[in-house]
Amino acid sequence: MRTTRLPYVTFHEEPAEAEVVSHRLMLRGGYVKKVAGGLYDFLPLGARVLRRIESIIREEMDRAGAFEVLMPALQPAELWQATDRWDKYGKELFRIQDRHDRSFALGPTHEEVVTDLARGLLRSYRQLPVTLYQIQTKFRDEMRPRFGLMRGREFVMKDAYSFARSGEEGAACYREMQEAYFRIFSRLGLAVRMVEADTGMIGGSSSHEFMVLAPSGEDTVVFCPSCSWASNIELAGEATHCPLCQERLERTTAIEVGHVFDLGQRYSQPMEAGFLDPDGRETLFHMGCYGIGVSRLLAAAIEQSHDDGGIIWPLAMAPWAICVLPLAGKDQEMTAKGERIAAIIEERFPGEVLIDDREARPGVKFADADLCGFPLQVILGERNLREDRVELKVRKTGERHLLPVSGLPEWIGDFLGRPGSMVDTLILDR
RNA sequence: CGGGGCGUGGCGCAGCCUGGUAGCGCACUCCCUUGGGGUGGGAGUGGUCGAAGGUUCAAAUCCUUUCGCCCCGACCA
């Protein structure tokens, strides 16, 4: 892709209405544009990141044996009334009426809808257990949307729901999703910590949150520095020492990017959702639900990985992994050479190469490439190119390598595969 | 919802106190210049000042109402 064909603008100046660094950098880098409070356009750059996150989530959910579905965002009030949440969910639930004055909710979550789906679809114990998931826009009338994508009124979420024959089987589903979540966050290059959490409005018997540790996080987690115990602040209460090993607890701020719940029969019971067991008896589903804040992940990743120059995307999230910067100005020949080199790299890494073919000064290209956070920059300067060499800069570390043009794709391939170099797979705890 | 702040070209701001009919920087278009970390110069495009009402010969500026946005708090998959 050529930057001259890419509809994006970067900004040198700080947007006045953005507080947190992820929000500022996404606005400055041309990733998102605000439409209204808590509502954003995803521009081409931002949409690509979103797609990359989604595809990794899909792969890992599928690998875990879950099935993708798509449920309506618009949900009839009757379903919510059946579980009493039409009254209990409160003002955060967007409610609208159709032309016949029938009431609907714009879904902030899908327990009711999916339970309604399952009770028709899953009639026999032979079909169980099953986990269904979707990636979809959710709506919440937040009392105070803020921090850009961190807390919007509309956002993209992956939500999954498991249906099991028993509590034991449900617990197995729950563990399987936990494992899938660790794989997802690991592949995304995020350092996450799983903590015990409150079940809140969703209900159920147990719950864990997946937290990205970041100074700007809205949540606080309490953790033990020497063993694996961790909890969110609500649940930890006044505790000062680890319940497992008595070590003095520490705390840090974090961003909640995932949350899993063991729901038990919280929804299957009021909605009378069940199946026939081997003895022909109607039995209620044991359910679990599992969410990942997909759009929030962009913000969380940036909060965790940036510097004064801008965003530092983990390899898996970057809109393009490689940005080719011909420092050509009006030199048509150099631009053409740059495009040939970009094409060679593209052959080995399809869809991963962006070439900055603008007629801009080197400083502008460097600044924009850093701001947008492309993991690798292939810099084509006149002197080096004369000797058939290019410079490769690693955004994250700042290290630079001078390489012969001939072996470039192979070198990049080796480099990207080098453990620990680009993909930060740090998992602090499980 | 309570407290505070702010709404002036796409973005960042000045002008408002002391009314006289809109200005600067960035971006954008064109020309010249420069060419390894946001080069320098020149010429342009674009706003009626969040909205409504009022005061006045005259309102971005004063008054009233209203809408929106941001921050803090309560709250929260």
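In what follows, chains carry the letters A, B, and so on, assigned in the order in which the sequence lines appear, proteins first and then strands, with residues in each chain numbered from 1. Every heavy atom of this structure was used, including side-chain atoms; hydrogens, water molecules and symmetry mates were not.
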When rounded to whole Å, the CG to P distance for the pair A/D307 and B/G37 reads 18 Å
What's the shortest heavy-atom distance between A/T131 and A/S162, and which atoms? OG1-CB, 3.3 Å
Shortest non-hydrogen contact between A/V32 and A/L27, atoms and distance: O-CD2, 3.6 Å
For the [atom1] atoms, the ones on [N] and on [M], what distance do you get once it is rounded to whole angstrom?
N	M	atom1	value
B/A59	B/U21	P	11 Å
B/C67	B/G53	C1'	14 Å
B/A14	B/U34	P	38 Å

If we call it a pair only when both distances are under 3.5 Å in a Watson-Crick or G-U wobble match, what pairs with B/U29? B/A43
Can a cation-pi geometry be assigned to A/R48 and A/W320, taking NZ or CZ under 6.0 Å from the six-membered ring centre and within 45° of the ring axis? yes
For A/Y174 together with A/H286, are the ring centres under 6.0 Å from each other? no
In terms of relative ring orientation, are A/H401 and A/W411 parallel, tilted or perpendicular, with 30° and 60° separating the classes? tilted
Identify each donor-acceptor pair in which a side-chain atom of residues 67-75 of chain A lies under 3.5 Å from a protein atom, sequence neighbours left out, and give them as a table.
residue : atom : partner : partner atom : Å
A/E68   : OE1  : A/R58   : NE           : 2.9
A/E68   : OE2  : A/R58   : NE           : 3.0
A/E68   : OE2  : A/R58   : NH2          : 3.0
A/Q75   : OE1  : A/W80   : NE1          : 2.7
A/Q75   : NE2  : A/T109  : O            : 3.4
A/Q75   : NE2  : A/H110  : ND1          : 3.3
A/Q75   : NE2  : A/H110  : NE2          : 3.1

Nucleic acid contacts - residues 258-269 of chain A versus RNA chain B, non-hydrogen atoms under 4.0 Å: A/H259, A/F261
Residues of residues 19-29 of chain A with a heavy atom under 4.0 Å from any atom of RNA chain B, listed by number, are A/E19, A/R28
Distance-only donor-acceptor test (3.5 Å): side chain A/R151, base B/C76: yes
Do any pairs count as a ring-ring contact (aromatic ring centres under 6.0 Å, His included) and have a residue in residues 141-167 of chain A, sequence neighbours left out, and if so which ones? A/F163-A/F285
Given B/G38, B/C70, B/C11, identify the nucleotide with an atom nearest to the side chain of A/F11. B/C11
Quick one: what's the B/S/- string for nucleotides 42-47 of chain B, heavy-atom cutoff under 4.0 Å, read 5' to 3'? ------
Once each nucleotide of nucleotides 23-36 of chain B is scored for protein heavy atoms under 4.0 Å, what B/S/- sequence comes out, 5' to 3'? --B--------BBB
